[in-house]
Amino acid sequence: MYATLVLWCIFAVFPFLWAFVTSFKTDQDVVNGATYFPGIDFKPVLSAWTNLFSGESIPIIGPYLNTVVISITSSLLAMMIGSLAAYGLSRFRFNLGRFGNDDISFWFISLRIMPAVVIAIPYFVMFNSLHLLDTKISLIIVYIGYNMPLVVWLMKDFFDNIPSELDEAAIVDGCSHFGAFFRIVVPLSKSGLLVTFLFCIIFSWSEFIFALILTINKSQTLPLVIVGRASTRIPWWEISAASLISILPVAVLAIVIERYMIKGTLMGSFR
Amino acid sequence: MTDSPVKYAFVLPGVLTMIVIVIFPVGYAIRLSLSSWEISAFGSGLDFAGLTQYAAVLQDTRFWHSLFVTFIIVFFAVSLEYVIGLSLALILTVELRGRRVFRVIFLVPMMVTAVIMALVWRTVLHESIGPINDILIRLSLPGIPWLSHNTVALISIIMVDFWQWTPFMFIILLAGLLSLPQDPYEAAVIDGASPWQVFRYITFELLYPVSVAVLLIRTIEAFKIMGTIFVLTSGGPGTSTETSSYYIWIRGLKEFQLGYSAAMAFTYLIILTIGLIIFSKLLRKRISPRKL
Amino acid sequence: MKKRQGGFAKRSQLRVSTSALLRATIFLLVTVVAIVPAVAQTNYVEKYPIFGTHEGPYSFAEIDKKDYSGITLNAITLAPPVMGGPTILHAKQFEELTGAKINVVAVPLSQLYAKVMTPFLTNIGAYDAIIFPPNWSGDIMGGGYLEPLPEKMLKSAQWGEVIQVYRYLQSWGDKIYGVPIDGDKHFLAYRRDAIDAAKYQPKFKEKYGYDLQPPQTWDEYRDVAEFFNDWDWDGDGEKEYGASEMTQRDAQLFWQFIVRAAPYAQHPEVKGGFFFEVETMTPLINTPGFVQALEDMIEIQKFYPPGGKNFSLSDVIFSFGGGQTALHANWDDGFIQAMEKDSPIRNQVNATMAPGAKKAWNRKTNKWDDFPNINRAPFLAWGGWITGVPKTSENKEAAFDFLGFLSNNANQQKDLTVGRYGVNPYRTNDFSPVFWTEKAGFDPEVAKGYTDALRNTLDHPNRVFDLRIPGNQLYVNALATAVSESLAGNMKPQEALDKAAKEWDKITHRVGFDQQKSAYQEIVNLEGK
């Protein structure tokens with residue numbers, strides 16, 4: 001049994017290792033065939049890494065900032081709007097004709113069917129006319145739409161797991177619904193909020209297609225800049241270094257999230 | 001559950017946001033699809049060309065081929081992800097040492113930027129300078145044309161997707177497994193059921209709702225596959241790995257045939273929606289009302 | 001007594017101080033007169049990486065006199081190093097010399113068309129200077145988006161020195177819109193240590209029945225590729241292979257295919273078009289000449305290095321430039337990479353014209369004509385990157401000054417020797433072998449081979465111009481897809497090319513028949529010039 005696990009581990013980790021090793025090579029080490037062990041097969045150099053920071057190769061700092069700003073802003077906004085909607089769907093009864101709570105929830109989630117290209121093309125034309133191409137705002141707007149269904153889906157579940165007696169008690173005591181939401185339910189769902197927020201960040205961080213279509217230069221995000229470098233004369237060693245740097249934050253976040261995921265906080269979603 | 005007019009205040013911002021951000025552009029896409037706009041045709045713009053674009057889409061063999069390719073990739077990738085994800089989850093329900101460590105390691109591929117990892121995979125699978133073929137050759141095995149042979153390229157795409165998304169299946173199924181009630185298992189032990197019977201009739205049955213949910217979600221996401229294709233094969237060799245999203249992108253944002261690509265995109269959306277509705281109905285049929 | 005001494009002392013002191021003052025003043029004057037001009041005369045060769053200064057309205061000295069402080073220019077270029085490298089470098093220099101600020105937007109090739117065309121789509125001014133290949137002139141110049149060149153540039157020596165072939169590509173209709181910064185063509189680069197060396201001659205002759213030499217036809221190319229495939233012929237302990245070619249569909253497959261098709265399809269006596277029969281705009285890409293080229297290309301795949309069936313230009317440059325293959329029918333880049341200072345095969349390569357063919361299809365008589373003396377049809381693939389100034393720019397003069405400076409003789413000469421910049425010869429002086437031996441350290445034989453190959457290619461009366469009409473991308477994509485399908489074994493050559501021809505026809509009619517016909521006529525007019 002261990003064998004299977006270890007095998008899968010190797011499979012899972014191998015690309016990361018390879019990128020790590022490659023980032024210490026020079027172009028001759030890469031071009032002449034695969035080399036594996038630093039010191040034995042080739043002489044490790046730091047040039048790929050230093051070039052990254054000196055701005056010589058892939059301009060990393062600007063896109064890094066862009067990615068951070070866009071991810072955080074869009075995730076925060078998605079969280080705020082989405083949590084409100086999730087609370088509403090959790091606590092109140094909706095009856096719009098044939099559509100009840102479950103249908104509305106389903107509608108939110110179903111929007112995730114939308115392939116990026118379908119709305120990217122109209123976005124491209126619309127943002128172009130509004131002079132909003134290549135701005136962070138355009139991506140923030142798109143990512144809010146991209147992440148909110150997830151927020152609604154996850155948070156509704158968290159809220160469902162918090163007994164409604166608590167907020168009902170507060171309302172009986174004279175609290176408004178909003179008050180109950182902010183003062184009772186939100187503090188109790190801190191871990192759920194955090195997990196969902198981190199999920200949003202991870203997905204925004206890694207988004208590629210909208211960034212590809214809607215940016216030109218100034219608001220390019222990390223995935224775009226790195227892939228973009230892979231056109232003529234692909235510098236595999238620089239790309240390896242850049243890739244590792246760019247996935248480091250999300251990898252760390254993933255490890256942080258892991259402890260919450262199994263703890264049963266997500267399980268509620270599937271009942 | 002209560003009722004109060006304030007409920008709209010909670011939900012409306014979300015609904016409105018989604019309508020503006022998602023529904024509205026689709027409307028615009030429909031408008032685009034009714035025009036003949038393309039940049040190389042000087043004088044064309046947002047005119048009205050009726051359903052000519054849709055007629056062209058229906059006759060476009062390359063579009064239908066791309067649907068086929070997409071379907072193949074989704075089918076095999078999701079199936080593999082489910083099977084292996086379930087296996088890994090089953091293994092990790094046992095009290096093994098270092099469980100936590102394994103879980104964390106398994107999780108990482110799913111969380112990191114897909115496109116970038118696809119690029120790293122391209123280095124790994126590179127037929128001249130990548131390690132895999134190199135190792136194979138050192139073992140006196142033939143090198144594999146990972147990205148330059150029709151079928152093998154498809155396999156490579158499926159493999160990269162599977163590398164990235166099996167953790168998703170794994171984590172959700174594991175959570176599901178951990179929350180299963182113990183009683184049926186104790187009863188099974190008493191009745192002397194074989195491991196396979198335990199699995200088939202207890203574990204699998206009890207896990208069914210979770211399986212359905214996770215398969216649906218993953219399938220929906222998988223149909224949108226684009227970044228991996230973009231980086232790994234650009235749709236090649238020939239058009240053997242060209243998915244619908246990629247083909248639409250080529251027509252729309254590389255060739256700027258805006259009207260035509262919008263029509264294709266909308267057609268794709270409709271086909272996708274119908275397909276997914278049928279798929280989910282098929283899956284849910286087997287769930288007993290109690291579980292729903 | 002003291003008093004008198006004091007007085008006397010004072011007077012003599014005074015006299016001393018006056019003469020001292022006078023001397024100091026004269027010294028100062030002389031110094032100023034000597035030094036100031038020296039300071040004012042900056043030594044550009046010391047300050048900047050150039051070989052020497054040249055005269056002209058866009059020279060370092062002239063641009064230095066300009067004051068553009070307060071002006072910001074937005075320029076879009078290709079991601080470094082190809083073209084992006086020199087653009088960014090010269091932008092910095094321009095900023096230093098004139099006080100202007102230049103925002104350089106660098107974009108990878110796969111996205112360049114979209115990013116350059118997007119502002120034009122809705123007539124928004126985004127850039128003051130753009131880079132593009134001449135093939136897109138149909139969309140960009142033909143769409144009326146660019147500003148014609150100022151007189152100052154047209155009259156300058158640096159313009160006049162651009163060879164005629166490349167100057168044709170700068171105009172559309174009767175106006176000139178493009179500032180050339182590069183010159184492109186396909187030619188054959190090969191490994192001297194394999195092909196020119198004596199040691200493999202006997203074996204080759206025994207197997208194929210003729211002398212081993214740089215392949216003159218595509219048939220010979222195939223033989224040579226087969227002979228040098230899959231064994232270690234240069235003694236480095238690794239296997240080498242026959243040929244590196246661009247096979248990736250969405251990359252540069254189109255050009256790799258056309259350079260093969262050219263000698264079979266461009267008959268020196270049949271005028272009226274290569275890609276189309278211009279009178280009727282019937283696509284010619286499924287005629288026997290092209291089919292033969294595709295069959296050749298399917299066959300040659302056997303002699304590719306591993307992964308060679310999915311090579312982009314980048315892979316080819318590393319493959320041939322890294323010593324992996326014997327043959328390279330392509331742009332200059334792989335050859336220049338091989339000739340880099342730290343390349344293991346430096347001076348082990350040489351260049352000659354791209355292979356021709358012993359037969360060419362005559363579409364008037366509907367049969368093959370034999371050419372025992374080999375039909376050559378050098379392909380001016382891509383045409384050489386050019387730049388332009390959009391009409392919407394608010395700083396046109398500064399923009400043109402920048403483009404002129406970027407490509408002035410001093411900068412260009414240096415850029416030519418930096419392989420990764422991708423700047424290839426396009427001015428008359430670039431074609432003298434002496435330049436390459438002195439400034440780039442080429443072996444005299446290699447320098448001569450290179451410059452001869454270039455000159456023969458560019459001056460050839462039967463040369464083929466690239467498909468410089470609106471919607472170029474559409475046609476390129478259609479043909480590349482078909483060729484790719486056939487190479488992958490999914491379709492037979494004739495079938496694939498028929499399909500592409502049908503799509504070409506659809507594109508022509510959909511985009512605008514008259515518009516396309518008059519655009520292609522312009523290219524046909526250049527035939528045989």
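Below, read A as the first sequence line, B as the second, and so on, with proteins coming before strands; counting in each chain starts at 1.
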Report summary line: Counting heavy-atom pairs under 4.5 angstrom with chain B, the leader among A:Leu248, A:Thr4, A:Val13, A:Ile81 is A:Ile81
Query raised in the report: Which one, B:Ile105, B:Thr273, B:Leu253, leads in non-hydrogen pairs under 4.5 Å with chain A?
Result: B:Leu253
Report task. For residues A:Ser83 and A:Phe181, determine if any side-chain heavy atom of one lies less than 4.5 Å from a side-chain heavy atom of the other. Result -> yes
**Report entry** Distance-only side-chain donor-acceptor flag, A:Ser74 / A:Asn147, under 3.5 Å
**Finding:** no
**Report entry** Contacting region of B:Gln164 [heavy-atom separation from chain A under 4.5 Å]
**Finding:** neither
Report task. Evaluate side chain to side chain donor-acceptor pair (under 3.5 Å) for A:Glu207 paired with A:Tyr143, printing each intermediate quantity in order. Result -> CA-CA 9 Å; A:Glu207 205 283 326; A:Tyr143 288 174; 2.6 Å; yes
Query - Under 4.5 Å from a heavy atom of chain B, the part of A:Ile209 involved - result: side chain
Query raised in the report: For residues 13-22 of chain B, which residue pairs qualify under side-chain hydrogen bond (donor to acceptor under 3.5 Å, both in side chains), counting only residues two or more places apart or in two chains?
Result: none
Query raised in the report: Is it the backbone or the side chain of A:Tyr87 that comes under 4.5 Å from a heavy atom of chain B, or both, or neither?
Result: side chain
Report task. Name the option with the most non-hydrogen atom pairs under 4.5 Å to chain A; the candidates are B:Phe106, B:Tyr8, B:Phe24, B:Tyr246. Result -> B:Phe106
Requested in this report: Evaluate the side-chain proximity of B:Ile250 to B:Glu242: yes if any heavy-atom separation is below 4.5 Å, no if none is.
Outcome: yes
Query raised in the report: Among B:Val6, B:Val108, B:Val22, B:Leu32, who wins on heavy-atom pairs under 4.5 Å with chain A?
Result: B:Val6
Query - Residue, of B:Lys7, B:Lys224, B:Met226, that accumulates the most heavy atom pairs under 4.5 Å with chain A - result: B:Lys7
Query raised in the report: Checking heavy atoms, do the side chain of B:Ile84, its backbone, both or neither come under 4.5 Å from chain A?
Result: side chain
**Report entry** Member of B:Met111, B:Arg218, B:Glu81 meeting the side-chain contact (heavy atoms from CB on, under 4.5 Å) criterion with B:Phe168
**Finding:** B:Arg218
Query raised in the report: Where does B:Phe256 contact chain A at under 4.5 Å (heavy atoms): side chain, backbone, both or neither?
Result: side chain
Query raised in the report: Based on non-hydrogen pairs under 4.5 Å, which of A:Ser90, A:Pro115, A:Gly88 is most in contact with chain B?
Result: A:Pro115
Requested in this report: Under 4.5 Å heavy-atom distance to chain B, tell me which part of A:Phe108 shows up: side chain, backbone, both or neither.
Outcome: side chain
Report summary line: Closest non-hydrogen atoms of A:Ser23 and A:Ala241, given as atom of the first, atom of the second and distance, are CB-N, 3.6 Å
Report task. Heavy-atom pairs under 4.5 Å with chain B are the metric here; pick the option from A:Pro15, A:Gly82, A:Ala85 that has the most. Result -> A:Pro15
Query - Heavy-atom contact with chain A under 4.5 Å, split by part of B:Ile225 - result: neither
Query raised in the report: Does A:Trp8 have its ring centroid less than 6.0 Å away from the ring centroid of B:Phe162?
Result: yes
Query - Engaged part of B:Met264 at the chain A interface, taking heavy atoms whose separation is under 4.5 Å - result: neither
**Report entry** Atom group of A:Ser243 that falls short of 4.5 Å from chain B, counting heavy atoms
**Finding:** both
Query - Contacting region of B:Val231 [heavy-atom separation from chain A under 4.5 Å] - result: side chain
Query raised in the report: Do A:His177 and B:Phe10 make the cut of ring centroids closer than 6.0 angstrom?
Result: no
Report task. Sort out for me which of A:Phe203, A:Trp107, A:Trp205, A:Phe178 touches chain B most, counting heavy-atom pairs under 4.5 Å. Result -> A:Phe178
Query - pair B:Met117-A:Phe16: side-chain heavy atoms closer than 4.5 Å - result: yes
Query raised in the report: Ignoring hydrogens and geometry, is there a side-chain-to-backbone donor-acceptor pair from B:Ser280 to B:Ile277 under 3.5 Å?
Result: yes
Report summary line: Applying a strict 4.5 Å limit to non-hydrogen atoms, the region of B:Ala114 in contact with chain A is backbone
**Report entry** Segment of B:Trp121 engaging chain A (4.5 angstrom heavy-atom cut-off)
**Finding:** side chain
Report task. Please determine, among A:Leu212, A:Leu224, A:Ile104, A:Val6, the option with the most heavy-atom pairs under 4.5 Å with chain B. Result -> A:Leu212
Query raised in the report: Checking A:Ile141 against chain B: side chain, backbone, both or neither under 4.5 Å from a heavy atom?
Result: both
Requested in this report: Kindly say whether B:Gly259 contributes a backbone atom to a donor-acceptor pair with the side chain of B:Glu38 at under 3.5 angstrom?
Outcome: no
Query raised in the report: Under 6.0 Å between the ring centres of B:Trp249 and B:Tyr268?
Result: no
Query raised in the report: What residue in A:Ala116, A:Gly145, A:Ser240 has the most heavy-atom pairs under 4.5 Å with chain B?
Result: A:Gly145
Query raised in the report: Can you find a heavy atom in the side chain of A:Leu150 that is under 4.5 Å from one in the side chain of A:Arg112?
Result: yes
